[in-house]
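Some notes on the structure that comes next.
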Amino acid sequence: MTAPIKRHLLAPGPTPVPERVALAMARPALYHRAPEFAEVLLDCVAKLRLLFKTAEPVVLLSASATGGMEAAVANLLGPGDAAVVVRGGKFGERWGDLCSAYGVPFEAIDVEWGRSVDPASVDAALAKRPDAKALLVTASETSTGVRHPVEALGPICRARGALLVVDGVTAVGCFDVPMDAWGIDCMVVGSQKALMLPPGLTAVALSARAREALERSKHPRYYFDLRKELKNHEKGQTAFTPATSLVVGLREALTMIEEEGLDNVFARHARLAHATREGARALGLELFADRPTPACTAIRVPAGVDGSALVKRIRERWGVTIAGGQDRLKGKIIRLAHLGWAAEFDTLIALAAVELGLADLGHPVQPGAGVGAAETALRAS
Ligand SMILES: *Cc1c(COP(=O)(O)O)cnc(C)c1O
């Protein structure tokens, strides 16, 4: 069998880049200190604020999203400060790893992987750790497919005097995470997820309380010095040479989101997520997350099937890239993305690929059962 000549990228990041965005990035390079570029940067920031639903400043950093997370820890906390971290997945653990790297002691809330955090346990952890200056949480835990109830955490953090710092990497632009209305102090997003760009850009939004914290922090900072970036962004500048072509692409992607309408973008993600789940159930498969994120669907690999072999088979024989599980979930789950530049046929392709892959590995499936159920769900919604 020859290798597939047409491939489909259906993993929760990097996600496919629309042609319009790719073409925008292919235009001749801009000089980052010229007014043309400043105009693009300021437009991106204005559009990002609409996406974050915030009146607060947003800064762009040239780094993958982990750089934005590191900037949050380096700037908002300081020597002597503690934190509370919601774990329960690869990205929640990353918040903890960043705290450890900066010597910030933290109380971990270890949620079972696949489950969402109980807001009462956040309150209890903040009560137990009164020196905690921030709660670090993941809105959409891409590694387990869970959506944590960030909407319930603002008042809890406010009452306990902690900043609410949110990894919104597969949340912002996928579902509604209104920063100001939910009392979020800092939210981070990355370019290669719902923003439909290649990896390499991250955006960090900062409330007034977060901006006070970063002025107070005594942590050493250089490349990720948000004080410097906030000042530079006021003039449409960045402290260092930014990833200019990605910024140009970002403007195009944000324009596409604006044209579709933010509510329609959220509805599209919800609809594709619903159809994917109906398809998985019709195949007799079990969903992994108790409170699933609209970004991706995590599905338990049926007993007797090696999940890593399934992902490999689907990619190599059928040309479809889905994601498997990471760390302790390796081989145990698969993840189908419906994130960013995703539409109906991506959902059907992902489900068809799962059916084909399972059949190839000897797991009994009714051909078309998942696809059929997804089609029914799509036609009904
Ligand atoms: C992808 C992702 C990140 C960041 O990953 P990078 O590889 O640094 O871009 C962080 N949090 C979540 C929830 C993600 O999905």
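The structure displayed is predicted, hence computed values, not measured ones. Values below: every heavy atom of this structure, side chains too, minus hydrogens, waters and symmetry copies. Start at 1 and go down the list; that is how both ligands and their atoms are numbered.
Atom numbering of ligand 1 starts at 1 in the shown order; those under 4.0 Å from a heavy atom of Ser140 are 13 (C). For ligand 1, the atoms closer than 4.0 angstrom to any heavy atom of Thr170 are 15 (O).
Ranking the protein heavy atoms by distance from atom 1 (C) of ligand 1 puts Lys193 NZ, 1.4 Å first. The nearest protein atom to atom 9 (O) of ligand 1, hydrogens excluded, is given as Gln192 NE2, 2.7 Å; this is a heavy-atom distance. Nearest protein neighbour of atom 13 (C) of ligand 1, counting heavy atoms only, is Thr142 OG1, 3.2 Å. Closest to atom 6 (P) of ligand 1, if we only count protein heavy atoms, is Ser64 OG, 3.3 Å. If you check which protein heavy atom lies closest to atom 4 (C) of ligand 1, you get Ala65 CB, 3.4 Å. Looking from atom 3 (C) of ligand 1 to the surrounding protein, the closest heavy atom is Phe91 CE2, 3.4 Å.
Evaluated for a side chain to side chain donor-acceptor pair (under 3.5 Å) with His338, the options Asp346, Thr297, Thr347 yield exactly one hit, Thr297. The residue from Thr15, Thr142, Thr138 that alone fulfils the side chain to side chain donor-acceptor pair (under 3.5 Å) condition with Thr170 is Thr142.
Figure legend: Lys53 and Phe266 shown without cation-pi pairing, the cationic atom not lying both under 6.0 angstrom from the six-membered ring centre and within 45 degrees of its axis.
When Arg94, Glu141, Glu70 are checked for heavy-atom proximity to atom 5 (O) of ligand 1, Arg94 turns out nearest.
More than 12 heavy atoms of other shown residues, nucleotides or ligands fall within 6.0 angstrom of atom CD in Glu259. Atom CZ of Phe345 is surrounded by 12 or fewer heavy atoms from other residues, nucleotides or ligands within 6.0 Å. For Trp341, the CH2 atom sits in a loose shell: 12 or fewer heavy atoms of surrounding residues, nucleotides or ligands are nearer than 6.0 Å.
Proximity of Pro199 to ligand 1, defined as any heavy-atom pair under 4.0 Å, is not found for any part of the residue. Using a 4.0 Å cut-off between heavy atoms, Asp167 contacts ligand 1 through its side chain alone, with no backbone atom that close.
Of the N and O atoms on the side chains of Tyr102 and Glu70, at least one donor lies less than 3.5 Å from an acceptor on the other residue.
Classified by interplanar angle (parallel below 30°, tilted 30° to 60°, perpendicular above 60°), the ring pair Tyr222/Phe240 is tilted.
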